[in-house]
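Since the structure comes first, as structure tokens, the remarks are kept for the end.
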2 protein chains.
Amino acid sequence: MKRVTINDIAKELKVTPSTVSRALAGNTRVSVKTRELVAAKAKEMGYQQNVIASALRKGKSDTIGMVVPRINRHFFSHVISGVEEILNPAGYSLVICQSGESFLKEQKAIDMLLANQVGGIIISLSEKTKCFDHLQKLVDRNIPLVQFDRVHNEISCSKILNDNFNGAYLATKHLIKSGYKRIGHVGGSQSLKAYRERYLGYSKAIEEEGLPVDSALVYTDAITRESGYNTAIKALSSVKPDALFCAGDYCALGVIDALKEKNISVPDEFGVVGFANEPFAELMAPTLSSVEQNGFEMGTRVASAMIKDIEGKYKEEVEVIPTRLIVRESSWNK
Amino acid sequence: MKRVTINDIAKELKVTPSTVSRALAGNTRVSVKTRELVAAKAKEMGYQQNVIASALRKGKSDTIGMVVPRINRHFFSHVISGVEEILNPAGYSLVICQSGESFLKEQKAIDMLLANQVGGIIISLSEKTKCFDHLQKLVDRNIPLVQFDRVHNEISCSKILNDNFNGAYLATKHLIKSGYKRIGHVGGSQSLKAYRERYLGYSKAIEEEGLPVDSALVYTDAITRESGYNTAIKALSSVKPDALFCAGDYCALGVIDALKEKNISVPDEFGVVGFANEPFAELMAPTLSSVEQNGFEMGTRVASAMIKDIEGKYKEEVEVIPTRLIVRESSWNK
DNA sequence: GCGAAGTGTGCAAACGATTGTATTTTTGTA
DNA sequence: TACAAAAATACAATCGTTTGCACACTTCGC
């Protein structure tokens with residue numbers, strides 16, 4: 001069964017393909033009558049535009065590429081949903097790639113998207129990304145780019161951010177108010193602004209309350225469950241904190257694993273707060289206090305910024321989405 | 001900055017674009033010397049194939065489309081990782097779409113993928129899909145198709161399945177052995193084979209143990225957290241089961257919500273087993289017994305089947321991936 | 001009733017890669 | 001050396017759309 005092309009429609013209607021193309025695009029240079037005729041015939045014959053041919057000719061497509069570290073993170077999957085919410089009705093489609101926190105895979109994903117002539121790229125950087133040439137290339141080639149959450153500031157494009165600073169600040173403040181005395185921080189790679197800000201929010205709160213800022217209490221390797229566990233084990237046998245503010249929930253989970261193993265009671269002897277409010281946070285035992293990010297709203301903002309960029313409206317918007325502290329058992333000290 | 005095309009390379013090397021094209025494709029009709037020359041020049045000039053032009057000419061691309069209900073389900077995101085594991089090294093790239101359990105979005109996603117001339121489509125059906133014309137269209141058009149997990153049998157294509165029957169059978173058997181007497185089932189849409197099989201495994205186990213098969217104990221609306229809650233509330237005030245085997249973990253979660261609300265102790269008074277082994281299953285309180293599906297392996301099998309289909313090796317493979325019961329607190333009756 | 005706008009279509013050349021066929025060059029052999 | 005066979009490359013059409021330009025026809029003012 002052959003696909004129907006505009007040439008087929010043109011033949012049937014005894015007009016030229018150019019007219020059909022214009023008619024379908026709603027060009028006012030073709031008369032209303034012809035436009036209706038074409039539309040009807042196209043429907044009748046089951047015409048589907050060949051977006052490949054269109055993209056080749058126009059040099060770009062209505063497909064937007066999106067690169068995220070992992071799609072199975074609560075936050076990212078919600079951002080994706082938010083992006084689809086705006087993009088799909090606007091006639092764009094979305095291609096999703098995972099970098100898996102690997103710089104190489106991130107680069108490859110971008111190359112693939114470029115080879116596919118995507119109309120724009122949305123990205124949240126991998127934790128391992130320390131070089132940003134691949135982003136600069138996009139800017140140089142004039143390809144609409146929007147960064148979100150894990151962004152690099154030096155790249156000139158729209159950026160949609162979480163209020164990491166305030167979330168971390170509130171979380172730490174809350175730990176202090178709950179009576180913990182030696183509050184440490186398990187953070188992510190400091191090359192990412194998002195994690196730097198969480199660290200800054202943490203230290204601001206510590207300073208503000210007149211507590212000693214002890215760099216021995218700050219760890220910034222990775223924020224997986226495993227690294228959280230390892231960090232906690234290490235800290236417990238050396239600097240002995242009595243609370244940890246973690247830059248991620250999986251990391252907090254690992255910390256709690258370690259505390260359980262050492263028979264240290266949460267929250268009585270030790271307080272823990274995470275970040276991201278993963279679904280498991282309210283289900284685990286003890287339930288985990290966490291900083292909530294509004295992924296869906298972020299997604300809608302990201303998509304809007306992308307559309308604006310594509311339409312040439314403007315290119316360098318920076319928006320901050322508020323975060324919110326959710327207090328649960330893991331830091332409920334009395 | 002203009003993109004480099006094969007014409008540019010051809011000009012530099014004083015050969016024709018055809019030779020360059022063949023050289024890059026590794027065609028033996030062009031001499032080894034020329035091939036090396038072309039490869040070197042291409043690298044030097046930073047050539048990147050325009051897959052759009054290639055897809056237009058060849059009528060298909062090396063992009064594979066994948067449609068899943070939601071990407072943020074543990075199982076699906078692992079299948080996706082497995083698929084990428086095989087597809088990417090083999091030179092294919094993956095486009096992921098979410099149907100969000102909506103039939104309309106599923107159809108639209110397929111249309112979009114078709115319009116993008118994907119080389120094949122991988123799909124796990126939405127719960128609401130009761131009509132399968134969109135899949136038949138793919139078969140008719142000879143587009144490689146692989147269904148997994150939530151499949152429709154009447155469509156002729158490769159299918160990779162979980163051993164739903166056995167998983168459900170083991171789960172139910174386990175509930176019986178643990179001493180529960182009135183074991184109900186909260187299942188998903190029976191139009192999906194996966195859920196029918198879970199039901200069948202359940203009833204096989206019930207019959208085998210000589211328990212009464214009571215259709216009043218079987219619910220098959222949906223398997224969201226909310227529907228699990230509602231079903232449990234309904235069941236508790238009427239047929240009064242003392243255990244429920246749920247076709248999904250979110251659903252089991254809803255059931256436990258209801259039990260907590262009614263102050264019914266799990267597992268002492270009531271046993272619950274879920275399906276899918278979502279990450280939260282081992283973290284919640286009580287920890288949830290569940291049937292584990294090996295999503296990653298399923299993904300690799302799915303991808304292999306797709307590649308075979310594309311290469312014309314064969315088209316109708318059916319594989320079953322084993323499932324495994326993980327017993328945790330929610331059904332640990334002494 | 002004549003030129004000037006204005007309106008609706010057609011023509012043809014792109015976009016970049018692929019591929020069947022034709023042509024040239026090289027190789028081997030008598 | 002000549003000539004056929006084999007190897008390497010060139011030519012040109014094609015995929016389906018888009019779009020600048022040209023052309024025909026209508027409409028209108030003077």
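All chains are named by letter (A, B, ...) in the order of the sequence lines, taking the proteins before the strands, and each is independently numbered beginning at 1. Computed from a prediction, not measured in an experiment: that's the story for all the values here. The figures here come from the full heavy-atom set of this structure, side chains too, leaving out hydrogens, waters and symmetry mates.
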**Request:** Grab the NZ-P distance between B/Lys58 and C/dT19 for me, whole Å please.
**Result:** 6 Å
**Message:** Distance check needed: C/dT7 P versus A/Asn27 CG, whole Å only.
**Reply:** 13 Å
What does the list of N/O pairs under 3.5 Å between the protein and nucleotides 11-14 of chain C look like, with a distance for each?
unit_1, atom_1, unit_2, atom_2, d
C/dC11, N4, A/Ser18, OG, 3.0
C/dA14, N3, A/Arg57, NH1, 3.1

**Message:** If you apply the rule salt bridge (Lys or Arg N to Asp or Glu O under 4.0 Å), what do you find for B/Glu317 with B/Lys308, and how did you get there?
**Reply:** CA-CA 10 Å; B/Glu317 189 173 8; B/Lys308 274 184 193 154; 3.6 Å; yes
**Prompt:** First and last nucleotide of DNA chain D touching chain B, 5' to 3', heavy-atom cut-off 4.0 Å?
**Reply:** D/dA8 to D/dG16
**Request:** Just jot down the salt bridge (charged side-chain N to carboxylate O under 4.0 Å, His left out) partners of A/Glu319, sequence neighbours excluded, or say none.
**Result:** A/Arg301
**Short N-O contact, A/Glu36 and A/Lys41, less than 4.0 angstrom** = no
**Prompt:** For the side chain of B/Gln147 and the backbone of B/Ile123, is there at least one donor-acceptor N/O pair under 3.5 Å apart?
**Reply:** no
**Request:** Measure the distance from CG on A/Leu56 to C1' on C/dG16 and round it to the nearest whole Å.
**Result:** 6 Å
**Prompt:** Counting only N and O atoms by type, is there a donor-acceptor contact under 3.5 Å from the side chain of A/Ser61 to the main-chain atoms of A/Gln117?
**Reply:** yes
**Request:** Take B/Arg29 and B/Gln48, find for each the nucleotide of DNA chain C with the closest heavy atom, and name the residue whose nucleotide sits nearer the 5' end.
**Result:** B/Gln48
**Request:** Pick base, sugar-phosphate or nothing for B/Ser21, based on heavy-atom distances below 4.0 Å to the nucleic acid.
**Result:** base
**Request:** Would you kindly give the CD-to-C1' distance between B/Gln49 and C/dT18, to the nearest whole Å?
**Result:** 10 Å
**Request:** Indicate yes or no: does A/Lys137 engage A/Asp111 in a salt bridge with an N to O separation below 4.0 Å.
**Result:** yes
**Request:** Using heavy atoms to find the nearest nucleotide of DNA chain C for A/Val15 and B/Val4 separately, return the residue whose nucleotide is more 5′.
**Result:** A/Val15
**Request:** Ignoring backbone atoms, establish whether B/Ser54 has a side-chain N or O less than 4.0 Å from OP1 or OP2 of C/dT18.
**Result:** yes
**Request:** Describe the nucleic acid contact of B/Lys14 in one word from base, sugar-phosphate, nothing, applying a heavy-atom distance below 4.0 Å.
**Result:** sugar-phosphate
**Request:** Quick one: sort the B/Phe132 and B/His152 rings into parallel, tilted or perpendicular, breaks at 30° and 60°.
**Result:** parallel
